[in-house]
Amino acid sequence: MSMHPGRRLLLRGALTVAGAALAAPRRGLAQAPAAAPAAAPSGPFSLPPLPYAADANEAAIDARTMEIHHGAHHRAYVNTLNAAVAQAPQLASLELDAVLANLGQVPEAVRTAVRNNGGGHANHSMFWQIMGGRGGQPGGELMAAIGRDFGGWDRFRAEFERASTTQFGSGWAFVTVAREGGLAIVQKPNQDTPLMDGHRVLMGNDVWEHAYYLRYQNRRAEYVRNWWNVLDWGKIEARYAAARAGTLKI
Ligand code: MN3
């Protein structure tokens, strides 16, 4: 294979850096005078603040897990998504749900990054929103829809727990909501989301190990069972109403 001139340039640059490093006094890696990367783009997407204290979900999720999950994992999805969008600026002006529903139109060079990190950003933004509550059960139209579509609260809960525990490896269990109010339970691997199928997400649980491992280790079923205790059904009922009004985004 012949060497591309651009590649030769890169190699020459690398040799120069290596030579400089040899001549310079030894320093720690952290201080290495590497060619400074361009500053990471800070937008168009941003990390939403947690809408409650990190220990607000102690009934299911410890504060340390919340801090790492939000401050490190979700932040990384946002940063990587922004870096991908910087390479495809035509995406920057679009709503995230529209991008995810049309991944086939995203430039191939950044499509996987947008899928994983755009999905991760949407999923986690929804996830923080629906917790911080005291569990219990929903009321009103949402409870009526659960009765209609799942045959009652207990069966809904059992079916959602089964979807959460049987998702192989990393992924999510979701409840989707149709414009006319119909509900369905959906499993997705990785950071995929029903938004990618053009569907709306009512709620979803993150069953990646990073969501529960500090407290539960391999006991995913116990995490999934406890998760009901921190749901804010008022928020989820508001999402249900927004979905029916056609205003629910992510
Ligand atoms: Mn997660």
Side-chain angles (χ1 to χ4, degrees), residues 40 45-85 96-97 99-100 103 112-133 135 160-176 185-197 199-232 235-236 239 248-250:
F45 299 100
S46 57
L47 182 68
L50 277 182
Y52 35 67
D55 64 0
N57 297 309
E58 281 284 352
I61 304 171
D62 60 281
R64 186 72 182 127
T65 293
M66 289 294 297
E67 287 164 0
I68 297 169
H69 198 173
H70 174 263
H73 290 279
H74 189 173
R75 186 185 304 281
Y77 296 127
V78 171
N79 290 347
T80 311
L81 176 62
N82 283 331
V85 168
L96 182 56
D97 61 325
V99 173
L100 294 173
L103 282 173
T112 299
V114 169
R115 177 180 195 141
N116 291 338
N117 297 283
H121 180 37
N123 286 339
H124 289 86
S125 298
M126 172 278 301
F127 186 59
W128 313 131
Q129 251 186 55
I130 63 171
M131 297 191 293
F160 188 83
E161 288 190 17
R162 188 158 49 83
S164 305
T165 51
T166 61
Q167 167 56 42
F168 183 76
S170 297
W172 291 73
F174 295 98
V175 179
T176 60
I185 291 174
V186 178
Q187 290 176 316
K188 289 286 182 185
N190 307 315
Q191 293 297 350
D192 282 1
T193 152
L195 296 171
M196 294 170 183
D197 308 318
H199 297 151
R200 294 292 127 186
V201 172
L202 176 69
M203 57 186 277
N205 194 4
D206 186 342
V207 296
W208 283 57
E209 285 185 344
H210 69 222
Y212 62 85
Y213 206 83
L214 289 183
R215 181 183 284 185
Y216 299 94
Q217 292 83 49
N218 62 328
R219 304 187 307 278
R220 186 194 287 187
E222 189 181 332
Y223 159 66
V224 163
R225 210 159 48 238
N226 287 348
W227 186 66
W228 299 103
N229 297 332
V230 297
L231 291 183
D232 183 335
K235 298 271 183 62
I236 299 170
R239 291 178 63 83
L248 183 62
K249 304 306 275 182
I250 56 174

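All heavy atoms count here, side chains included; hydrogens, waters and symmetry mates do not. Atoms within a ligand are numbered from 1 in the order they appear, just like the ligands themselves.
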Engineer: Check the side chains of His73 and His124 for a donor-acceptor pair under 3.5 angstrom, ignoring hydrogens and angles.
Structural biologist: no
Engineer: Check the pair Glu161, Trp228 against side-chain hydrogen bond (donor to acceptor under 3.5 Å, both in side chains), reporting the backbone distance first and the verdict last.
Structural biologist: CA-CA 10 Å; Glu161 288 190 17; Trp228 299 103; 2.8 Å; yes
Engineer: Which pairs would a plain distance check flag for residues 54-61, meaning a side-chain donor or acceptor within less than 3.5 Å of a matching protein atom at least two apart in sequence or in another chain?
Structural biologist:
from  : atom 1 : to     : atom 2 : distance (Å)
Asn57 : OD1    : Gly132 : N      : 2.8
Glu58 : OE1    : Arg215 : NH2    : 2.7
Glu58 : OE2    : Ala63  : N      : 3.2

Engineer: Is it true that a side-chain atom of Asn82 and a backbone atom of Phe45 form a donor plus acceptor pair closer than 3.5 Å?
Structural biologist: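 Yes; judged by distance alone, with no hydrogens or angles, the pair exists.
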Engineer: Could you work out, with side chain to side chain donor-acceptor pair (under 3.5 Å) as the rule, every residue matching His70, not counting sequence neighbours?
Structural biologist: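 Testing His70 for side chain to side chain donor-acceptor pair (under 3.5 Å), a comparison that skips the adjacent residues, returns none.
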Engineer: Around the Mn ion (ligand 1), what protein N, O or S atoms are found below 2.8 Å?
Structural biologist: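 Correct list: His69 NE2, His124 NE2, Asp206 OD2, His210 NE2.
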Engineer: Please identify each residue that fulfils side-chain contact (heavy atoms from CB on, under 4.5 Å) with Glu222, with sequence neighbours left out.
Structural biologist: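 Per chain and number, Glu222 pairs via side-chain contact (heavy atoms from CB on, under 4.5 Å) with Tyr216, Arg219, Arg225, Asn226.
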